[in-house]
Amino acid sequence: MTQVRLGELIGVLDGAYPPRLAEKWDSVGLVCGDPGETVTRVLFAVDATAAVVDEAIDWGAQALVVHHPLLLRGVDTVAADTPKGALLHRLIRNGCALFTAHTNADSADPGVSDALAQALGLRVTGPLESKSAAAVDLWSVNVPPADADAVLAALFAAGAGASGDYRECGWRMPGVEQFRPLPGAEPAIGTIGALERVSEERIEVVAPPSARAAMLAALRSAHPFEEPAYHVTERASLPTGLGLGRVGELPEPETLRRFTARVRAALPATAWGVRAAGDPDRRIASVAVCGGAGDSFLGTVSRLGVDAYVTADLRHHPADEHLRAGGPALIDAAHWATEYPWCAQAAGVVKAALPGLETRVSALRTDPWTVGAADD
């Protein structure tokens, strides 16, 4: 059997759920473990609870991949006599790494809400809230052909030329530049007062806006001219297929009552159950979903005009005000249940990329609610 290193597993997970997609407040990636260690078994779960950690160790897993971060906020101790510290110590002592894919998995394509939409039988049409491509600058610089390589190298060193998995990307084309030096200038080429035409290259590179100061300093240092001719254009942020939540369509319209039953049948059982708000006979054809707590998108789903919104952790007053304003029907399920379908998705991604690994999705219910009682 081909040996797989933890670092290879991390590379697959980061490729499917890029860390750059994580919200600024989030904590994702490797929590504990040695990327150089060998991995043969990987367990997937929503939460790293004590029971899940026990399952991972008892099964002989070398890696536990979860959705919810164990250490989300700043901590000043992971001592073994603290609840979270005890779990980390137990994992480390038994050679089991812990890896988290949280809001980066929420915004990935496919991600958490895609798995939820698939479980419900929806045809996804796009994200609920699109994550735009990062803004980028396009630098156009005129330079004598003999100096083009040196100027390009300086710009690359300053942060230019990155595009996805590629580096030192650029465009070069020949042209003719003209200029007239005025009194006080110190031209490297040409005479004061005379119009000069010279053969040059135009080089174009992209760079992040944060690199503007470094780019300008590098350009002035490497360019042979006293006043380099350059132009900077900022590309607008454009929507992508990435983002939080998903919008989709049912194969055939159905009533809210029947759709609620569909959600209940598709998700794992919990004490929380599945509840709906709205006219039970309302026609449901278009649906928005958001795995986990999604009440921040109530205004968004209203503007989109979908028929129903499936999420978790909805509160009384926001839900009531939403319905009073004529918003779509609401289906509220347990937080854990709406994110659980992602575990199988993540396991499938890893298995496809690293077939030598043995993967398993924990069947343990980590939803904190344990007893439910409802009136008919």
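Looking at Gln62 and Thr40, their side chains do bring a donor and an acceptor atom within 3.5 Å of each other. With 3.5 Å as the limit, one finds a donor-acceptor pair spanning the side chains of Arg5 and Thr38. Ser286 and Asp307 share a donor-acceptor pair across their side chains, judged by distance under 3.5 Å alone. Using modelled atom types and a 3.5 Å distance limit, the side chains of Asp281 and Thr255 yield no donor-acceptor pair.
Between Arg315 and Asp295 the shortest side-chain heavy-atom distance falls below 4.5 Å. When side chains are defined from C-beta on, Val46 counts as touching Cys343, because their heavy atoms get closer than 4.5 Å. Contact annotation: the side chain of Leu219 approaches that of Leu155 to within less than 4.5 Å [non-hydrogen atoms, C-beta and beyond]. Residues Val39 and Glu8 have side chains not in contact (no heavy-atom distance under 4.5 Å, counting atoms from C-beta outward). Side-chain contact between Leu88 and Leu70 is present, with heavy atoms from C-beta onward closer than 4.5 Å. Between Glu234 and Arg212 there is a side-chain heavy-atom pair separated by less than 4.5 Å. In this structure, the side chains of Leu195 and Phe179 stay at 4.5 Å or more apart for every pair of heavy atoms.
When the side chains of ILVMFWY residues are joined at heavy-atom separations under 4.5 Å, either directly or via intervening members, Leu98 and Phe44 end up in two distinct hydrophobic clusters. Under a hydrophobic-cluster definition in which Ile, Leu, Val, Met, Phe, Trp and Tyr are linked whenever side-chain heavy atoms come within less than 4.5 Å, directly or via other members, Val52 and Val65 are assigned to different clusters. Residues Leu364 and Trp272 do not share a hydrophobic cluster, clusters being chains of Ile/Leu/Val/Met/Phe/Trp/Tyr side chains in contact below 4.5 Å. Transitive grouping of hydrophobic side chains (ILVMFWY, heavy atoms separated by less than 4.5 Å) keeps Leu138 and Trp171 in distinct clusters. One hydrophobic cluster, built from ILVMFWY side chains closer than 4.5 Å, holds both Leu250 and Ile331.
Listed by chain and residue number, Asp147, Glu200, His223, Pro224, Phe225 satisfy the side chain to side chain contact (heavy atoms under 4.5 Å, CB included) test with Pro144 (two or more places apart in sequence, or in another chain).
Note that CZ of Arg202 is 7.5 Å distant from CE of Met173, once rounded to the nearest 0.5 Å. Distance CG/Leu64 to CZ/Arg41: 14.5 Å, rounded to 0.5 Å. Atom CD of Glu254 and atom CZ of Arg283 lie 10.5 Å apart (nearest 0.5 Å). Taken to the nearest 0.5 Å, the NE2 atom of His102 stands 9.0 Å off from the CG atom of Asn104. Rounding to the nearest 0.5 Å gives a distance of 10.0 Å between CD of Glu204 and NE2 of His231. Atoms CG and CZ, from Asp47 and Arg365 in turn, are 12.5 Å apart once rounded to the nearest 0.5 Å.
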For the pair Leu152 and Arg172, evaluate side-chain contact (heavy atoms from CB on, under 4.5 Å) and give the outcome as yes or no after the intermediate values. CA-CA 10 Å; Leu152 266 177; Arg172 299 168 66 158; 3.7 Å; yes
Determine whether Thr103 and Leu21 satisfy the following criterion, side-chain contact (heavy atoms from CB on, under 4.5 Å), listing intermediate values before the conclusion. CA-CA 7 Å; Thr103 53; Leu21 297 180; over 6 Å; no
Any chance you could lay out the side-chain contact (heavy atoms from CB on, under 4.5 Å) test for Val350 and Leu9, step after step, and finish with the verdict? CA-CA 7 Å; Val350 169; Leu9 172 63; 3.7 Å; yes
Walk me through it: do Asp367 and Tyr340 pass the test side-chain contact (heavy atoms from CB on, under 4.5 Å)? CA-CA 10 Å; Asp367 184 64; Tyr340 184 73; over 6 Å; no
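The pair Glu23-Lys131 counts as a salt bridge, with a side-chain nitrogen and a carboxylate oxygen less than 4.0 angstrom apart. The pair Glu252-Arg258 fails the salt-bridge criterion, with no side-chain N (NZ, NE, NH1 or NH2) lying under 4.0 Å from an Asp/Glu carboxylate O.
Taking the centre of each ring, His317 and His322 stay at or above the 6.0 Å mark.
No more than 12 heavy atoms of other residues, nucleotides or ligands lie within 6.0 Å of CZ in Arg324, so this atom counts as exposed by the packing criterion. Other residues, nucleotides and ligands contribute over 12 non-hydrogen atoms within 6.0 Å of the CD atom of Gln345.
With Trp139 as the fixed residue, the side chain to side chain contact (heavy atoms under 4.5 Å, CB included) test singles out one of Thr233, Ile203, Val206, Val205: Val205.
Because its NZ or CZ atom is both nearer than 6.0 Å to the ring centre of Trp59 and within 45° of the ring axis, Arg360 counts as a cation-pi partner of that residue.
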